[in-house]
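Have a look at the structure below, then the notes.
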Amino acid sequence: MRYDFKAIEAKWQDQWASAQTYKAEQPSNKPKYFILDMFPYPSGAGLHVGHPLGYIASDIYARYKRHRGFNVLHPQGYDSFGLPAEQYAIETGQHPLKTTNQNIARYREQLDRLGFSFDWSREVRTSDPEYFKWTQAIFLKLHDAWYDNVSDKARPISDLLYIFKTKGNRNLDAACDEQTEIFSAAEWLAFSEDQKSDILLKYRLTYLAETEVNWCPNLGTVLANDEIINGLSERGGHPVIRKKMTQWIMRISAYAQRLLSGLDNIDWPLALKESQRNWIGKSVGALVHFEVDQSDEKIAVFTTRPDTIFGVSFLTLAPEHPLVARLTTSNQQQKVKDYIEATSRRSERERMADVKTISGVFTGAYAVHPFTKASIPIWIGDYVLAGYGTGAVMAVPCGDQRDHDFARFFNLDIPNIFKDVDVEQEAYTQKADVLLKDSDFLNELNYAKAMPIVIERLETIGAGQGQTNFRLRDAVFSRQRYWGEPFPIYYVNGRPRPIDSNYLPLQLPKVDQYLPTEDGAPPLGRATAWAWDTESNSVVDNSLIDHQTVFPIELNTMPGWAGSAWYFFRYMDAHNANVFADHEAMAYWKQVDLYIGGSEHATGHLLYARFWTKFLFDLGLSPVDEPFKKLINQGMILGTSAFAHRVEGTTHFVSKDEIKDQKTQRIHVDVSMVDASDHLDTEAFKIWRSDFYSATFITNKQGHFVVEREVEKMSKSKYNVVNPDAICDQYGADSLRMYEMFLGPLEQAKPWNTAGISGVHNFLNKLWRLYIDQDGQLKVNDQPGSKDSLKTLHKSIKKVTEDIEQFSFNTSVSTFMIAVNEFSSQNCSSKEILEPFLILLSPYAPHIAEELWHKLGNFSSVTEQFFPEFDPNLLIEQTKVYPVSFNGKMRFTLELDLNLDKADIEKIVLSHENTKAQLSGLSPKKVIIIPGKIINIVH
RNA sequence: GCUCAAGUGGCGGAAUUGGUAGACGCGCUGGAUUCAAAAUCCAGUUCUUUCGGGAGUGUGGGUUCGAUUCCCACCUUGAGUACCA
């Protein structure tokens with residue numbers, strides 16, 4: 001009987017589903033293991049072969065962990081709020097929920113074919129009201145919390161109210177807006193309710209503020225910093241401009257230090273930790289105040305190198321700096337005005353792209369050096385950014401290359417404060433052990449020693465203090481979109497009030513169109529029933545707003561990352577109606593042990609999820625403060641695009657090897673029309689797109705039309721997408737699973753090549769034929785396995801176990817192939833060998849393993865078996881002794897099986913004549929010697 | 001510019017406390033089977049060679065009896081990030 005993968009796979013998928021084989025136990029006495037994939041956004045295009053890569057890896061690991069006796073939680077769900085469904089709704093008027101449900105159904109169908117061991121009973125969808133009710137509830141908790149810098153954690157607003165009432169905020173150290181007034185307890189009590197409400201907003205962990213935001217006119221919404229790449233939107237590549245808007249904002253900056261320190265204790269790829277560190281951007285230094293000559297003004301600068309303060313030769317302000325206008329002397333007035341105008345005409349993007357051009361202007365004013373009292377010219381330069389630090393720098397040309405360039409360009413002083421260093425040509429920017437000179441009390445000190453001293457002196461004379469700056473900005477949380485979580489907020493006198501969490505979910509209202517309104521309000525502004533009645537605690541018609549108890553509801557919705565910032569907790573207790581996840585369930589599952597997904601979420605999702613987890617931890621709602629213990633980034637599977645060359649301005653296509661001098665354009669052709677030798681099926685191509693119907697082809701001498709190949713990202717528009725369904729039809733899910741692993745290391749990007757799958761497919765066929773004869777009868781006996789077969793088996797067990805634990809799934813596939821080849825040549829048909837081998841194989845190719853397992857007469861599932869252990873005694877290598885001549889000297893390289901201490905080894909080795917005889921039957925070690933001297937002992 | 005990662009056959013890739021480089025698969029070549037094809041099986045496949053060998057893991061050095069592996073410099077590619085003071 002042939003290996004009928006289609007029937008086998010369908011049969012076991014049904015069986016597993018109906019028996020709920022992969023349901024996680026709860027409660028359970030077993031040790032837990034939580035393994036999670038980044039849940040997908042269900043797009044209309046469906047899955048391509050690149051998507052399941054991470055899911056296959058996590059599935060192998062989940063199955064392995066079950067074999068090891070763990071209670072495995074391996075769930076899946078959908079990040080189902082998002083732009084594409086809304087875009088489609090705008091175009092067609094169809095409710096995004098309908099599109100979303102259709103896409104989810106399609107995704108599920110595709111996922112099911114691959115034999116994943118997901119516990120679907122815990123599925124979550126971020127757009128499900130039963131889910132987003134808790135997203136809204138967590139938002140309200142953030143709204144009802146502030147950050148206490150002293151205890152270094154979030155606390156409820158009620159604590160803050162008590163502090164205000166009893167002590168005011170004078171001695172309070174809390175994360176808050178920059179311009180927050182100081183008040184006493186008495187003053188607080190005298191404030192009106194509106195005033196109190198405004199002040200509290202400056203402390204809440206999610207607050208409403210008018211800020212400059214990144215506005216994308218084409219998308220009609222604001223974007224967070226991580227959604228912008230080079231001044232263009234990540235999605236769609238539309239231009240983004242700065243605009244003032246009132247927005248909900250997450251005070252993630254309060255957690256900057258903890259988000260940074262937390263990275264030290266989690267097992268994540270270095271590159272990913274590095275980009276989070278960059279994004280958080282901690283710099284330790286000092287704030288220094290420079291008095292301005294003949295003025296009461298002070299200029300504050302932030303510097304990471306206060307030790308170089310005696311090298312300051314000028315100050316530079318950003319053109320947008322608020323003091324610019326007041327400082328500029330009358331005779332410089334015009335020049336400064338022209339300069340500011342010129343720079344403001346340049347967009348942020350131009351300014352960032354063009355870092356070579358040096359420009360600036362003198363203000364005419366001078367500052368006073370805090371120590372030397374020397375006069376320091378104040379300049380304006382657009383290399384200083386208004387948005388970072390204080391928007392002003394103390395320029396130390398000998399220690400900073402930008403300052404150096406600026407000084408040279410405008411012919412300013414470059415005083416040298418570094419001993420034995422030449423700063424004529426370029427600045428000395430290292431913090432190495434070079435000593436300072438011409439620096440008064442810092443002379444003869446290095447960076448490390450000078451830092452604390454100079455900061456202390458600055459503090460003594462009141463000219464500054466040590467300070468730590470973070471680049472991490474608070475995250476804008478409002479989107480002018482329909483298809484997202486509504487904010488549980490209504491407005492009284494223009495001031496936000498929370499809707500009590502008992503009345504959640506606040507569901508999305510019906511709208512006639514999904515576009516912003518004519519006057520620029522978000523799509524929810526079109527809803528006719530979008531007002532909150534505080535009496536009935538329900539949504540009512542807008543016409544009732546005149547009524548005393550009825551108020552307008554927030555029109556923005558939450559961003560895509562809201563639902564994904566906590567979804568891992570929901571899997572622990574997916575159906576709880578009273579709380580986002582039960583305390584006991586969370587205490588058991590704790591955190592995600594292994595998280596697999598792409599690296600594109602480095603500074604978005606992965607940072608926000610850590611932020612929310614830390615917040616929930618502070619409130620005692622999470623037992624852990626890091627959500628993902630170990631994280632692996634799977635590499636992308638790339639597509640191999642094909643191009644046909646067309647002579648420019650014609651419909652003539654030229655085979656790649658026939659191109660002479662003609663100017664040609666490359667046209668993407670669908671990869672399904674190209675064979676393994678890169679030959680295009682020209683007839684199929686002609687009917688593929690109507691505009692190519694009359695195309696003519698210049699083929700090569702063999703009569704073939706050769707296309708050009710290139711590896712690119714897999715995408716519909718590049719016609720290089722390979723659909724997993726087609727692969728399953730032709731080769732089966734087990735082949736696909738093994739092949740995706742076989743392609744290369746999990747973390748690496750690698751191109752897809754359908755031709756290669758025949759290798760693993762042949763392997764599965766071979767395995768089948770080895771144990772099943774033509775009539776479908778089992779070719780297995782109850783004889784014990786031969787010594788060779790046992791050795792093959794245990795070699796495989798050892799290798800596969802090591803591979804899985806190190807996530808080197810690609811080499812395991814080779815191991816299986818070698819084993820089956822060896823079994824075949826050993827004529828191995830022992831049940832004793834086959835059974836453990838099937839358990840070993842089942843994480844990779846669960847269907848065929850299950851089928852053969854049952855054919856062997858077993859009734860329970862192969863997934864319930866314990867993973868086999870290897871017997872080291874069967875793995876003893878043969879003793880090898882080989883002499884090698886080197887430089888006329890004789891030396892010996894020995895690989896011995898032994899379990900002896902160094903002295904014994906020496907003794908044996910030095911009498912190597914009968915080494916082999918003496919060493920057989922002991923556990924493996926390696927010794928490498930030259931006569932008379934042991935060079936290396938391998939333990 | 002900075003940070004990180006990686007450079008091995010025609011291709012994907014193996015090989016680490018330093019020990020016979022190229023496992024395994026694709027592709028290719030030859031053979032068996034077949035009327036033929038598909039499928040399957042067997043053999044070969046880094047380059048070079050006067051068939052003794054010789055060279056070889058991006059380049060150039062170094063450490064070592066021995067280096068794909070460790071160290072230094074450089075080149076290339078990829079990823080991230082960018083006037084961050």
Side-chain angles (χ1 to χ4, degrees), chain A residues 2 229-230 269-279 281-283 285-286 288 301-306 308 315-316 318 351-358 381-385 387-396 399-403 405-406 429 469-471 599-600 602-603 633 635-636 640 676-677 738-739 742-745 747-763 765-766 769 799 808 810-819 821 824 880 882 884-895 926-931 933 935-939:
Chain A
R2 271 187 54 85
I229 296 164
N230 290 333
L270 275 175
L272 208 145
K273 286 191 186 184
E274 204 50 39
S275 45
Q276 289 216 347
R277 288 197 184 103
N278 269 331
W279 192 259
K282 180 179 182 175
S283 31
V288 184
V301 303
F302 175 73
T303 175
T304 54
R305 297 295 303 274
T308 63
L315 301 185
T316 315
R351 241 172 98 173
M352 263 160 45
D354 175 22
V355 300
K356 296 263 153 29
T357 319
I358 297 166
D382 70 353
Y383 77 96
V384 178
L385 303 177
Y388 185 75
T390 61
V393 302
M394 59 176 223
V396 182
D400 183 287
Q401 194 54 47
R402 289 158 301 166
D403 296 343
D405 294 342
F406 195 85
T429 55
N469 252 14
F470 290 95
R471 201 176 74 97
S599 57
E600 66 273 19
T603 49
N633 287 133
M636 216 184 309
T640 312
S677 326
M738 292 195 90
Y739 186 52
F742 185 66
L743 274 176
E747 291 96 332
Q748 231 170 67
K750 54 233 159 208
W752 176 265
N753 168 22
T754 303
I757 200 172
S758 62
V760 286
H761 188 64
N762 285 344
F763 154 77
N765 258 314
K766 209 185 233 174
R769 279 199 314 270
K799 186 78 173 81
S808 312
N810 54 331
T811 46
S812 290
V813 180
S814 299
T815 306
F816 290 126
M817 291 177 177
I818 295 166
N821 278 336
S824 174
K880 284 192 216 161
Y882 41 98
V884 183
S885 165
F886 181 84
N887 284 354
K889 258 191 294 181
M890 207 60 155
R891 81 187 161 89
F892 298 87
T893 301
L894 288 88
E895 285 183 31
K926 279 186 192 168
V927 179
I928 294 116
I929 61 148
I930 51 174
K933 178 190 166 199
I935 290 184
N936 192 10
I937 301 172
V938 182
H939 293 280

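Here is the naming used below: chain letters follow the sequence lines, and residue numbers restart at 1 for every chain. These numbers come from a predicted model, not from an experiment.
- rG66(B) and rA15(B) are spaced 26 Å apart, taking the P atom of each and rounding to whole Å.
- Taking atom CG of residue Leu385(A) and atom C1' of nucleotide rC83(B), one finds them 6 Å apart after rounding to whole Å.
- A donor-acceptor contact closer than 3.5 angstrom is absent between the side chains of Tyr383(A) and Asp405(A).
- With C1' as the reference atom, rA73(B) and rU81(B) are 26 Å apart, rounded to whole Å.
- As rounded to whole Å, 12 Å separates atom C1' of rC83(B) from atom CZ of Phe406(A).
- Between rG22(B) and rG10(B), the two P atoms lie 16 Å apart (nearest whole Å).
- Looking at heavy-atom distances under 4.0 Å, Ser758(A) makes contact with sugar-phosphate atoms alone, never a base.
- The partner of rC65(B) is rG19(B), judged by Watson-Crick or G-U wobble contacts that both fall below 3.5 Å.
- In summary, the side chains of Asn278(A) and Glu274(A) do not present any donor paired with an acceptor at a separation below 3.5 Å, with no hydrogens or angles considered.
- In this entry rC41(B) has rG31(B) as its Watson-Crick or G-U wobble partner, both defining distances falling under 3.5 Å.
- The partner of rA55(B) is rU46(B), by the rule that a Watson-Crick or G-U pair needs both atom distances under 3.5 Å.
- Side-chain atoms of Ile818(A) lie closest to rA23(B) of the nucleotides rU81(B), rA23(B), rC83(B).
- Comparing the P positions of rG44(B) and rU34(B) gives a spacing of 24 Å, expressed to the nearest Å.
- Across the strands present, rG12(B) finds its partner in rC24(B); the criterion is a Watson-Crick or G-U wobble pair with both atom distances under 3.5 angstrom.
- For Asn821(A), the listed nucleotide lying nearest its side chain is rG25(B); candidates were rG25(B), rC26(B), rA85(B).
- In this model, the phosphate group of rC24(B) is not approached by any side-chain N or O of Thr815(A) to a distance below 4.0 Å at OP1 or OP2.
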Just the table, please: protein N/O against nucleotides 8-15 of chain B N/O, every pair under 3.5 Å.
{"residue": "rG12(B)", "atom": "O2'", "partner": "Leu743(A)", "partner atom": "O", "Å": "2.5"}
{"residue": "rG13(B)", "atom": "OP1", "partner": "Gln748(A)", "partner atom": "OE1", "Å": "3.1"}
{"residue": "rA14(B)", "atom": "OP1", "partner": "Asn810(A)", "partner atom": "ND2", "Å": "3.2"}

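- If you take OG1 on Thr316(A) and CE on Met394(A), they are separated by 11.5 Å, rounding to the nearest 0.5 Å.
- In this structure, Tyr383(A) atom OH and rG1(B) atom P are separated by 21 Å, rounded to whole Å.
- When ring centroids are compared, Tyr739(A) and Trp752(A) come within the 6.0 Å threshold.
- Between the side chain of Lys282(A) and the main chain of Asn469(A), no donor-acceptor pair closer than 3.5 Å is present.
- Applying the 90° cutoff around 0 to the glycosidic angle, rG7(B) is assigned anti.
- Asp400(A) places no side-chain N or O within donor-acceptor distance of the main-chain N or O of Val396(A), the cut-off being under 3.5 Å.
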What's touching nucleotides 40-44 of chain B from the protein side, N or O pairs under 3.5 Å?
{"residue": "rU40(B)", "atom": "OP1", "partner": "Asn762(A)", "partner atom": "OD1", "Å": "2.7"}
{"residue": "rU40(B)", "atom": "O3'", "partner": "Arg769(A)", "partner atom": "NH2", "Å": "3.3"}

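- Taking every heavy atom of both residues into account, Ser814(A) and Phe742(A) meet most closely at OG-CE1, 3.6 Å.
- Judged by closest nucleotide on RNA chain B, Glu274(A) is the one of Phe302(A) and Glu274(A) placed further toward the 5' end.
- Rounded to whole Å, atom C1' of rC4(B) lies 8 Å from atom CG of Leu270(A).
- Remark: side-chain polar atoms of Thr640(A) are not paired, donor with acceptor, to backbone N or O of Asn753(A) under 3.5 angstrom.
- The distance from atom CH2 of Trp279(A) to atom P of rG80(B) is 13 Å, rounded to the nearest whole Å.
- Shown here, rG80(B) is classed anti by the O4'-C1'-N9-C4 or O4'-C1'-N1-C2 angle, which is more than 90° from 0.
- Using C1' as the reference atom, rG12(B) and rG30(B) are 25 Å apart when rounded to the nearest Å.
- Candidate nucleotides rC83(B), rG80(B), rC26(B) were compared by shortest atom distance to the side chain of Ser275(A), and rG80(B) ranks first.
- Look at the C1' atom in both rC47(B) and rU8(B): the space between them is 14 Å, to the nearest Å.
- Heavy-atom minimum distance, Thr304(A) versus Ser283(A): CG2-CB, 3.6 Å.
- The separation of rU20(B) from rA39(B), taken at their P atoms, amounts to 38 Å, rounded to a whole angstrom.
- If you measure from atom CG of Leu315(A) to atom C1' of rA85(B), you get 12 Å, rounded to the nearest angstrom.
- Looking at which nucleotide of RNA chain B each of Asn278(A) and Thr303(A) is closest to, the 5′-most match is held by Asn278(A).
- Regarding Asp400(A), its CG atom lies at a distance of 17 Å from the P atom of rG1(B), rounded to whole Å.
- In this entry rC83(B) has no Watson-Crick or G-U wobble partner, no candidate having both defining distances under 3.5 Å.
- rC70(B) and rC4(B) have their P atoms separated by 16 Å, given to the nearest Å.
- When all heavy atoms are compared, the tightest approach of Val393(A) to Val301(A) is C-CG1, 3.7 Å.
- Taking the six-membered ring where tryptophan is involved, the planes of Tyr388(A) and Phe302(A) are perpendicular, since the angle between them exceeds 60° and thus also 30°.
- Between the side chain of Lys273(A) and the backbone N or O of Ala271(A), no donor-acceptor pair lies under 3.5 Å.
- Listed pair Arg402(A) / rC84(B) meets the phosphate criterion, a side-chain N or O lying under 4.0 Å from OP1 or OP2.
- Checking rU81(B), rG80(B), rG25(B) against every side-chain atom of Arg471(A), the shortest atom distance belongs to rU81(B).
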